[in-house]
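Reading through the structure tokens given below for one structure.
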Amino acid sequence: MSRALQLAERGLFTTDPNPRVGCVIVKNSQIVGEGWHQRAGEGHAEVNALKEAGLKAKDADCYVTLEPCSHFGRTPPCADALINSGVKRVFIAMTDPNPRVAGSGIAKLKAAGIEVTVGILEQQAENLNIGFCKRMRMGRPYVRSKMAMSIDGRTAMASGESKWVTGPAARQDVQKLRARSSAILTGIGTVLADDPALSVRPEGWYPQQVIRQPLRVVVDSQLRIPVDAKIFQDNAQVLIATSVAVKTMLSAEVCNLPSDNNQVDLSALMTELAKREINEVMVEAGSQLNGALLQSGLIDELVIYMAPKIMGDGANGLFHLPDFTTMAQNIDLQITDIRSVGRDWRITALPQYNGGN
């Protein structure tokens with residue numbers, strides 16, 4: 001199963017909106033077939049592994065990181081392919097959270113007389129598809145906010161100058177976070193101040209031809225975005241989330257959403273993104289949008305790059321949270337990882353809303 005998870009991870013940047021899945025076929029203690037799902041619309045992991053195994057799949061064991069599908073989508077059911085191949089046993093890391101599957105693939109395998117075991121390295125499989133699982137279970141994507149700060153917690157000078165808080169190794173690491181995301185979310189303040197492109201730039205760490213550019217989403221309540229903003233370049237898919245009357249805009253789709261105190265209702269935005277099959281959202285924004293998302297309980301994970309520099313009292317902080325006036329309002333964080341990235345430190349943490357997620 002560990003090998004199957006390694007294979008599944010090869011689809012980290014390419015399978016969206018489908019889950020990342022790996023499969024290994026074993027016979028007489030030897031691997032006879034391997035496969036992983038590479039892109040939506042192409043063969044699933046089981047089909048690819050069975051193709052490699054050929055006739056050796058008969059009476060073999062199958063290890064797969066997600067329950068085999070049981071319905072016709074863009075491809076035929078993988079459960080049927082396993083049954084027809086003659087495999088004897090199937091080991092599954094986790095049940096598929098998709099309501100269209102959700103145990104029916106396992107039931108079909110058992111009905112065909114195949115021995116099925118579920119729950120091997122289940123948490124690792126869940127983590128690999130954390131956004132897909134959240135969308136299927138809760139109807140909203142997994143939201144990961146990336147921030148860069150100085151050691152005294154500042155993100156930009158009072159003038160707005162912020163290039164560069166962190167070093168080149170951290171900036172390349174951010175590209176990998178972008179590449180695994182379904183969408184990159186920013187606010188109109190960041191667009192007006194920094195004019196970012198928010199594109200994925202492999203720059204030697206991954207083949208350019210297989211990179212999938214995420215949807216770029218701008219929260220722009222009053223529709224102030226310039227038509228010549230960099231975010232519209234390179235034929236990017238852009239969605240403008242606004243709370244005013246929809247206008248025609250060159251090179252972008254404008255989505256009118258409910259207003260919350262004259263601002264875009266962020267919860268409604270997440271529901272809309274889930275409807276568009278967005279699994280993982282990466283937030284690259286300033287303190288206003290990050291503060292609003294955090295206060296609304298919509299940030300699932302914080303990835304903070306901390307640079308060994310001091311920027312001073314006048315510089316901007318991570319979150320705008322003016323309503324926080326007492327210690328009881330604090331949001332605790334569960335730190336899950338701290339590691340060096342070049343000269344900087346990357347801190348990964350999960351907000352604990354009301355004592356837990």
Side-chain angles (χ1 to χ4, degrees), residues 12-14 16-17 131 141-149 155-156 160-206 208 210-221 223-242 249-255 257 264 266 269-270 272-273 276-293 298-305 316 318 346:
L12 190 66
F13 308 128
T14 61
D16 203 79
Y142 188 84
V143 179
R144 179 184 291 112
S145 182
K146 183 277 300 182
M147 301 176 174
M149 71 174 191
T155 63
E161 180 186 359
S162 61
K163 292 186 178 180
W164 294 99
V165 174
T166 55
R171 296 198 296 274
Q172 186 178 85
D173 198 56
V174 168
Q175 294 300 318
K176 297 176 185 178
L177 289 178
R178 285 184 181 179
R180 70 171 291 167
S181 302
S182 314
I184 300 175
L185 175 66
T186 194
I188 184 60
T190 297
V191 173
L192 295 176
D194 299 336
D195 196 19
L198 298 181
S199 58
V200 179
R201 300 181 294 278
E203 298 173 347
W205 59 267
Y206 205 77
Q208 175 71 46
V210 299
I211 283 294
R212 170 197 48 81
Q213 291 291 341
L215 173 69
R216 298 166 211 183
V217 183
V218 182
V219 178
D220 183 5
S221 300
L223 214 56
R224 295 183 291 150
I225 191 166
V227 294
D228 60 349
K230 285 182 182 177
I231 203 167
F232 296 128
Q233 296 177 6
D234 64 39
N235 298 314
Q237 285 187 297
V238 180
L239 179 68
I240 310 297
T242 186
M249 176 166 287
L250 185 65
S251 302
E253 180 184 355
V254 180
C255 180
L257 292 168
V264 169
L266 296 174
L269 173 58
M270 294 306 164
E272 174 65 25
L273 292 178
R276 294 168 180 258
E277 297 188 309
I278 298 298
N279 292 331
E280 297 182 23
V281 173
M282 180 175 174
V283 181
E284 296 198 50
S287 61
Q288 294 279 348
L289 182 54
N290 270 303
L293 287 166
L298 294 173
I299 295 179
D300 297 297
E301 178 181 311
L302 297 169
V303 180
I304 302 171
Y305 295 87
N316 298 326
L318 291 175
R346 187 184 72 198

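Keep in mind the model is a prediction, meaning the values are calculated, not measured. Scope of the values below: all heavy atoms of this structure, side chains included, with no hydrogens, waters or symmetry mates.
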Taking atom types as modelled, find out whether Asn279 and Ser182 have a side-chain donor-acceptor pair closer than 3.5 angstrom.
no
Using a 4.5 Å cut-off on heavy atoms from C-beta on, say whether the side chain of [Y] contacts that of [X].
X      : Y      : value
Lys146 : Tyr305 : yes
Ser145 : Leu185 : no
Met282 : Val303 : no
Leu289 : Val219 : yes

Stepwise, does the side chain to side chain contact (heavy atoms under 4.5 Å, CB included) test hold for Leu293 with Met270?
CA-CA 10 Å; Leu293 287 166; Met270 294 306 164; 3.8 Å; yes
Using atom types as modelled and distance alone, determine if a side-chain donor or acceptor of [X] lies under 3.5 Å from a backbone N or O of [Y].
X      : Y      : answer
Thr155 : Met149 : no
Arg171 : Thr166 : yes
Gln175 : Arg201 : yes
Ser287 : Leu318 : no

Starting from the C-alpha separation in whole Å, work towards a yes-or-no answer on side chain to side chain contact (heavy atoms under 4.5 Å, CB included) for Ile231 and Ile225.
CA-CA 10 Å; Ile231 203 167; Ile225 191 166; 4.2 Å; yes
With side chain to side chain contact (heavy atoms under 4.5 Å, CB included) as the test, would you mind laying out the steps for Val200 and Gln213 before giving the verdict?
CA-CA 6 Å; Val200 179; Gln213 291 291 341; 3.7 Å; yes
Report the C-alpha distance between Leu273 and Leu239 in whole Å, list the side-chain angles of each, state the deciding distance to 0.1 Å, and finish with yes or no for side chain to side chain contact (heavy atoms under 4.5 Å, CB included).
CA-CA 10 Å; Leu273 292 178; Leu239 179 68; 4.1 Å; yes
Can you name the residues that form a side chain to side chain contact (heavy atoms under 4.5 Å, CB included) with Pro196, not counting sequence neighbours?
Thr190, Asp194, Leu198
